[in-house]
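We use all heavy atoms of the structure for the numbers below, so side chains are in, but hydrogens, waters and symmetry mates are not. Please read these numbers as outputs of a predicted model, since none were measured by experiment.
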Amino acid sequence: MAVNEQIEALCKELQMPTIAKSYHELSNRAAKESWKYGEYLYEVLSSEANGRAQRSRATLTKMAGFPTIKTLDQFDFDFTVGVNRRQIEELSTMEFVKRNENIILLGQSGVGKTHLAIALAYQAVQKRIKARFVTAADLIMQMGQAKKEKRYDSFIKQTIMAPS
């Protein structure tokens with residue numbers, strides 16, 4: 001068995017798909033640029049770590065159930081009256097998550113609450129923090145359905161009280 005095949009088999013066994021895709025290109029680059037062994041190893045492992053982070057963010061984004069992707073960069077703070085930009089920027093650090101705090105966005109229809117909620121949840125996902133987007137109306141409907149099906153307690157534990 002050739003070395004390339006052995007490397008690919010080991011990558012599959014160790015569940016390192018990014019290394020399997022990138023090691024050959026990186027080894028050619030390392031040879032051309034006369035990298036030390038440690039530099040090559042660092043680049044290979046970095047590519048795997050970056051690949052895992054990217055796959056994790058993609059999975060978390062899918063699981064979050066966003067109706068659309070919104071970001072804070074897309075939010076027009078000049079248009080919306082009453083939104084404290086500094087406060088939103090503070091929330092975007094996700095420190096409130098680490099402190100196990102909740103946030104509530106209140107305001108009239110059309111002022112950007114949903115945009116901000118999605119953007120903050122998307123920001124959390126980018127930092128590899130689990131998030132789930134659900135409207136209040138959908139949550140109430142799901143709770144009602146769970147109650148009818150006599151699984152309300154498990155629904156509450158799973159949906160609302162589940163640790164991130």
Could you give the distance from [atom1] ([X]) to [atom2] ([Y]), rounded to the nearest 0.5 Å?
X: Met16; Y: Ser47; atom1: CE; atom2: OG; answer: 10.0 Å
X: Leu26; Y: His24; atom1: CG; atom2: NE2; answer: 10.5 Å
X: Asp73; Y: Ser92; atom1: CG; atom2: OG; answer: 9.5 Å
X: Asn84; Y: Leu91; atom1: CG; atom2: CG; answer: 9.5 Å

Going by the side-chain hydrogen bond (donor to acceptor under 3.5 Å, both in side chains) test, name the single residue among Glu149, Lys148, Gln142 that passes it with Gln145.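 Output: one option passes, namely Glu149.
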
For a quick test of reading the model, state the closest non-hydrogen atom pair linking [X] to [Y] and the distance between them.
X: Met143; Y: Ile156; result: CE-CD1, 4.0 Å
X: Lys36; Y: Glu39; result: N-OE1, 2.7 Å
X: Ile118; Y: Pro67; result: CD1-CG, 3.8 Å
X: Ala131; Y: Ala121; result: CB-O, 3.8 Å

Step through the shown structure and confirm whether more than 12 heavy atoms of other residues, nucleotides or ligands are within 6.0 Å of [atom1] on [X].
X: Gln74; atom1: CD; value: yes
X: Lys12; atom1: NZ; value: no
X: Gln108; atom1: CD; value: no
X: Arg86; atom1: CZ; value: no
X: Glu25; atom1: CD; value: no

same_hphob_cluster([X], [Y]) at 4.5 Å side-chain heavy-atom cutoff:
X: Ile103; Y: Met94; value: yes
X: Leu139; Y: Tyr152; value: yes
X: Ile129; Y: Leu116; value: yes
X: Val97; Y: Ile88; value: yes
X: Leu120; Y: Phe133; value: no

Between the side chain of [X] and the main-chain N/O of [Y], is any donor-acceptor distance below 3.5 Å?
X: Ser56; Y: Arg52; result: no
X: Asn50; Y: Ser46; result: yes
X: Lys130; Y: Leu60; result: no
X: His115; Y: Thr71; result: yes
X: Glu48; Y: Thr18; result: yes

[Y] and [X], any side-chain heavy atoms less than 4.5 Å apart:
X: Ser154; Y: Arg151; answer: yes
X: Lys147; Y: Phe155; answer: no
X: Thr61; Y: Ile69; answer: yes
X: Gln54; Y: Arg57; answer: yes
X: Pro17; Y: Arg55; answer: yes
X: Thr114; Y: Lys70; answer: no
X: Val125; Y: Arg128; answer: no

Parallel, tilted or perpendicular: which one describes the rings of Tyr40 and Trp35, with boundaries at 30° and 60°?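 Tilted.
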
Is the Phe66 ring parallel, tilted or perpendicular to the Tyr122 ring (thresholds 30°, 60°)?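 Judged by the thresholds at 30° and 60°, the geometry between Phe66 and Tyr122 is perpendicular.
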
What verdict does the side chain to side chain contact (heavy atoms under 4.5 Å, CB included) test give for Phe96 and Asn102, after you've listed the backbone C-alpha separation in whole Å, the side-chain angles of each residue and the deciding distance to 0.1 Å? CA-CA 7 Å; Phe96 74 96; Asn102 297 313; over 6 Å; no

Ring centre gap for Phe77 and Phe79 strictly below 6.0 Å: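 Not under 6.0 Å, so no.
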
Are Arg85 and Glu89 ion-paired here, with the side-chain N under 4.0 Å from a carboxylate O?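 A salt bridge is present here (some side-chain N lies under 4.0 Å from a carboxylate O).
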
So, are Glu95 and Lys98 salt-bridged, with charged N and O less than 4.0 Å apart?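 Salt bridge flag = yes for Lys98 with Glu95.
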
Assess whether side chain to side chain contact (heavy atoms under 4.5 Å, CB included) is satisfied between Ile19 and Leu45, documenting all intermediate values. CA-CA 7 Å; Ile19 289 177; Leu45 293 175; 4.3 Å; yes

